[in-house]
Amino acid sequence: MNQWRCWTTEVIPSLIAPYLAYLRKSTSLRDRIELQPDEVAAFQCKSSCRRRVLEITCILFNYIEILRIDCCACAPAPLQLLSRGYFACAPIAPSLAVDLQLLELVKTLFVHITPNTTAWCETLEVFLAGRGYHLTTKDNLRRRFGNAYHWYSVLCMSAEDQLSNLIGTHRPLSPPSTEGLTRPSDYLRPDVHTCIDACFTQKRSADQRGGGPDPSNPIRSVFLSDDEVTSMEVHVRSCRGRPLDRGRKRKRPAATEEEGDDYEDGMRVPTSVLDGCGESFLAADEKREKASTQFFADTGVMAMLCRHDRVLWLANMTSAGEKQHYALALIKKLFDNLPTDMTVGLLYDIGCQLHRSCLKYRLLDDAVLRRITFAISVFHAYGHQWACQIIYHPRKCEGFGLSDGEGCERLWSALKHLIAPLRVSGFHQRLFVLDTQVRHLDNKNLSLYGNWLSRRWNNCIKKKSTAAQALHELSVDETCVRQEWKSQVKYQTKPLPRRSKTNNDEEISKILSLEKSLVEIDGALRRMETQLCMGNVDNLTEHNLRLIEERAHRSRVADTLSRWKTRLGISQRTRLEQLRRNVYLQVRLDAQALKTRIREQLRQRKFEIEKLERSYRQTVNERKLNSHVDAAIQRRNSTIRKLVSSYNNLCTDLSALIRQRRSPPNAIPPNPISPIGIFDLDIDADIWEDVGLNDVVLDPPDWLADEVTRAAIKLLLEIDRCNEEESRVKVERCALQEWAILEWDGLQRARAHANDDEVILYHMNCRARQFIVLVLGWQTKVRPIPCAWPMPDCWGPSQTELANGTPVVYPDVHDDEDVEDDVWDDGDDWESDIGCGDEELMDVLEDIALADQYRGQEVHDIEDDYVIHESLIDSPTKHVRFNS
């Protein structure tokens, strides 16, 4: 702890200026610099300090050298080593130092692969030993190299932040004046888009040794402070009227005979739909444990990203479930840093539930809440009810363009290689590594921003052109189509009539099925009794036993039927009598129940595929889990196809009954489900809408009965979103150029003020060259995109400066088509000190935590092969601090 404090408060701040100076002398570590005699003399103590001579082992790429230095308080060892191109492993009396070029290589390498100082140091020792260089000190290389690497990373971040702050002080406060729009266009409401999501694989094991937390790091972090998260948790609990104790359970209100559906204050979706989303989408259940707090001190990370996949803030999670106070803390942090008139479009997997809670418990100030437009992420929209989707889906909700809200999913994919090492790291070390990776990803995204804009523009134009052509071929009146869409939204989001809280059409359908089963059982009993009376029995004893079993079965079915009927209310009994007399209603009810079952099966399959696609670690247990999940998916595919076939047969029967005039007047035949694309669960798929399966409307509207109108609605909504996206990309293209002009202006001002400081001037010139490379790449990509308002030709650097710059070709990474790797093998990247028992235990714990989320009804198919052996639970856990 004393060394950590010395690094933080004394050594690192004192090394920033010498480090920047050494970068200038060595041309950004390209050259190796030898100290001149006058520079060596400058380290001679000019006061009566206590001096000591240190013998330091210096590690380079291909050899080891021993360096003897005379140090004191005036000329500390870290400073003298840095001036020679080394970084010390300790703040006062280091025994080992590492070459800066070697550390820079490792620092760059560890943001592209799994950080593993153990494997790196073992490789380096073997490599040097093969050339005759051996370490003679008693301490191993890994610990000392890890210390040097960690604090060198802190020094680099601190130096970069200092230069950025220097440029920021000279940056103009207001953007350059431009003609045209003075505020965002109507298509840009909300002004900005953000997304929120939680990841429960980025967790940290509890410290089984009982040691305290590791000290914090003196760097700028994207993580919210513990105080910010805790204060929001206290606020949420006070708003909900619940104490802070975590073990207390809420009692559910007693069920009444009948209840009515209605809108909650401020909501556009009925209560029944919100309840359905809460039940079908497991993330909405805060009580469901996704990571055990018994084995994990930190259970996950929640992130807030902007539309361009840039991390805004992260929140460290310590609770078992996805509790809302983490998302609310991120939202509060966002609005604390936004102008008071700016609106935000918030995409969240359970955005409907968060919106509901904010209104119900007043979790956010009204001034903030009215500036938020809630929506659900595209990838997880299938877990929501259809009425919820037509309000909260970004393809149906105005203002979201083609934003998908899945930037967090891409972030988790980029961070997946950190899961294994961070599982056993210290608390602050874990945050430090994530901060380092986020900085790397932000810099990478900044360089690829021109590619991103170009892809968004091309994708938007292509979609818009295709949809416009299809809509033109339909020859419909757009005004009428828009009115039909409004009518559809109003009808499909209206509250349900008063209904029994515990009984509905599904239960009535079960009663009818039980009655049919009872008739079949009675017939079988009569046949068996007739055979017995006539003597047509080969084995009398066996026949009597079968007869007794069948009578017992008949008794159980009759008792069940009686209980179900007793629970029916008056309206349900009337409904039951209607169904008994009407064959059409019976078939329609069966089809409706079957389609609901198909939807649920498709949702469960989607969850299982999501689990399979997120196969981060391919250990033995993980491969077993994936094979079970894959088998469950294949079994479900066969089941779903059979259900679809049965449903289509019922649709055929309903169409025949309508032709035979055995249906109510104006009855609409339901659309069969096409087996092609059934597993995609697209927002515009027919599986979501129950056309012809609800009560008959006397005069069915066009959005319900006319296929042309229904197709036109989908196309018109897609064109609207493309128009929004087109306007937003134009604005983003202008914003990029304006930001470039401001940044270049601030950089030039900083260069002008640094004329007397050669070190700062050198780094400003380096920043300028890097910035010119960025601008060259951006200009090439965004040139086909029109501007939202008049913009100058200049992007900051002059044409001469741009002509002298060297453009860099970046790989064209398709963010919109981002697919996570199916297989990720990191077995060799684990720290060598982690025991096998830890790996197996972590795998089993993760399997248990995720099984309930992804496997639903077939959870027993997978859990049968996963039993935690006592030896795993009782075995001592070995821990090693990452990069210690």
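Because its NZ or CZ atom is not both nearer than 6.0 Å to the ring centre of Trp452 and within 45° of the ring axis, Lys781 does not count as a cation-pi partner of that residue.
A salt bridge links Glu726 to Lys464: one of the charged nitrogens lies within less than 4.0 Å of a carboxylate oxygen. For the pair Glu160 and Arg767, the salt-bridge criterion is met [side-chain N within less than 4.0 Å of a carboxylate O]. The residues Arg410 and Asp309 are annotated as salt-bridged, a charged nitrogen and a carboxylate oxygen being separated by less than 4.0 angstrom. Between Arg171 and Asp745, none of the side-chain N atoms (NZ, or NE/NH1/NH2) sits under 4.0 Å from a carboxylate O, so this pair counts as no salt bridge. Taking 4.0 Å as the cut-off between side-chain N and carboxylate O, Asp191 and Arg371 do not count as a salt-bridged pair. Of the charged side-chain nitrogens involved, none lies within less than 4.0 Å of a carboxylate oxygen, so that Glu725 and Arg728 do not count as a salt-bridged pair. A salt bridge links Arg307 with Glu732: the closest approach of a Lys/Arg side-chain nitrogen to an acidic carboxylate oxygen falls below 4.0 angstrom. We find that Asp435 and Arg439 are not joined by a salt bridge, their nearest charged nitrogen and carboxylate oxygen being 4.0 Å or further apart.
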(request) Take Thr436 and Val111, measure what side-chain contact (heavy atoms from CB on, under 4.5 Å) needs, and give me the verdict at the end. (result) CA-CA 8 Å; Thr436 303; Val111 295; 4.0 Å; yes

(request) Any chance you could lay out the salt bridge (Lys or Arg N to Asp or Glu O under 4.0 Å) test for Glu718 and Arg721, step after step, and finish with the verdict? (result) CA-CA 5 Å; Glu718 184 169 357; Arg721 300 295 83 79; over 6 Å; no

(message) Before you tell me yes or no, could you show the steps for Arg220 and Asp161 under salt bridge (Lys or Arg N to Asp or Glu O under 4.0 Å), namely the whole-Å CA-CA distance, both residues' side-chain angles and the distance that decides it to 0.1 Å?
(response) CA-CA 8 Å; Arg220 174 177 53 85; Asp161 289 344; 3.2 Å; yes

(request) Please lay out, stage by stage, how Ser216 and His428 fare under the test side-chain hydrogen bond (donor to acceptor under 3.5 Å, both in side chains). (result) CA-CA 5 Å; Ser216 60; His428 288 102; 4.7 Å; no

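With ring centers used as reference points, His112 lies 6.0 Å or more from His417.
Using a 4.5 Å heavy-atom cutoff, the side chains of Val378 and Pro394 are in contact. Two residues are said to be in side-chain contact when any heavy atoms from C-beta on lie closer than 4.5 Å; Ile350 and Cys277 fail this criterion. Between Arg423 and Phe296 the shortest side-chain heavy-atom distance falls below 4.5 Å. In this structure the side chain of Pro218 reaches within 4.5 angstrom of the side chain of Val154, judged on heavy atoms. Counting heavy atoms from C-beta on, the side chains of Met764 and Leu163 come closer than 4.5 Å. Thr194 has its side chain out of reach of Leu347: every pair of non-hydrogen atoms, C-beta onward, lies at least 4.5 Å apart.
A donor and an acceptor atom, one from each side chain of Arg240 and Gln324, are located under 3.5 Å apart. Side-chain contact annotation: Arg430 with Asn316, donor-acceptor N/O pair under 3.5 Å present.
Residues meeting the side chain to side chain contact (heavy atoms under 4.5 Å, CB included) test with Glu801, sequence neighbours left out: Trp744, Ile772, Pro797, Ser798. The side chain to side chain contact (heavy atoms under 4.5 Å, CB included) search around Leu359 returns Met267, His355, Leu369, not counting sequence neighbours. Contacts of Ala303 classified as side chain to side chain contact (heavy atoms under 4.5 Å, CB included), with partners at least two apart in sequence or in another chain: Leu305, Leu314, Cys408, Leu411, Trp412. With sequence neighbours left out, Glu228 forms a side-chain hydrogen bond (donor to acceptor under 3.5 Å, both in side chains) with Ser225, Lys333. A search for salt bridge (charged side-chain N to carboxylate O under 4.0 Å, His left out) contacts involving Lys107 returns Glu104, not counting sequence neighbours. Applying the side chain to side chain contact (heavy atoms under 4.5 Å, CB included) criterion to Arg362, with sequence neighbours excluded, gives Asp366.
Ring geometry, Trp778 versus Tyr449: the interplanar angle exceeds 60°, so the pair is classed perpendicular (tilted spans 30 to 60°). Classification of the Phe771-Trp739 ring pair by plane angle, with boundaries at 30° and 60°, yields tilted.
Summarising the local packing, CZ of Arg751 is surrounded by more than 12 heavy atoms from other residues, nucleotides or ligands at distances under 6.0 Å. More than 12 heavy atoms of other shown residues, nucleotides or ligands fall within 6.0 angstrom of atom NZ in Lys730.
Ile719 and Ala467 make their closest contact through CG1-CB, 3.7 Å (heavy atoms, listed as atom of the first residue, atom of the second, distance). Val301 approaches Met317 most closely through the heavy-atom pair C-SD, 3.8 Å. The two residues Gln779 and Asp793 make their nearest non-hydrogen contact at NE2-O, 4.5 Å.
How far OG of Ser377 is from NE2 of His384: 8.0 Å, rounded to the nearest 0.5 Å. Expressed to the nearest 0.5 Å, how far CZ of Arg310 lies from CE of Met304 amounts to 15.5 Å.
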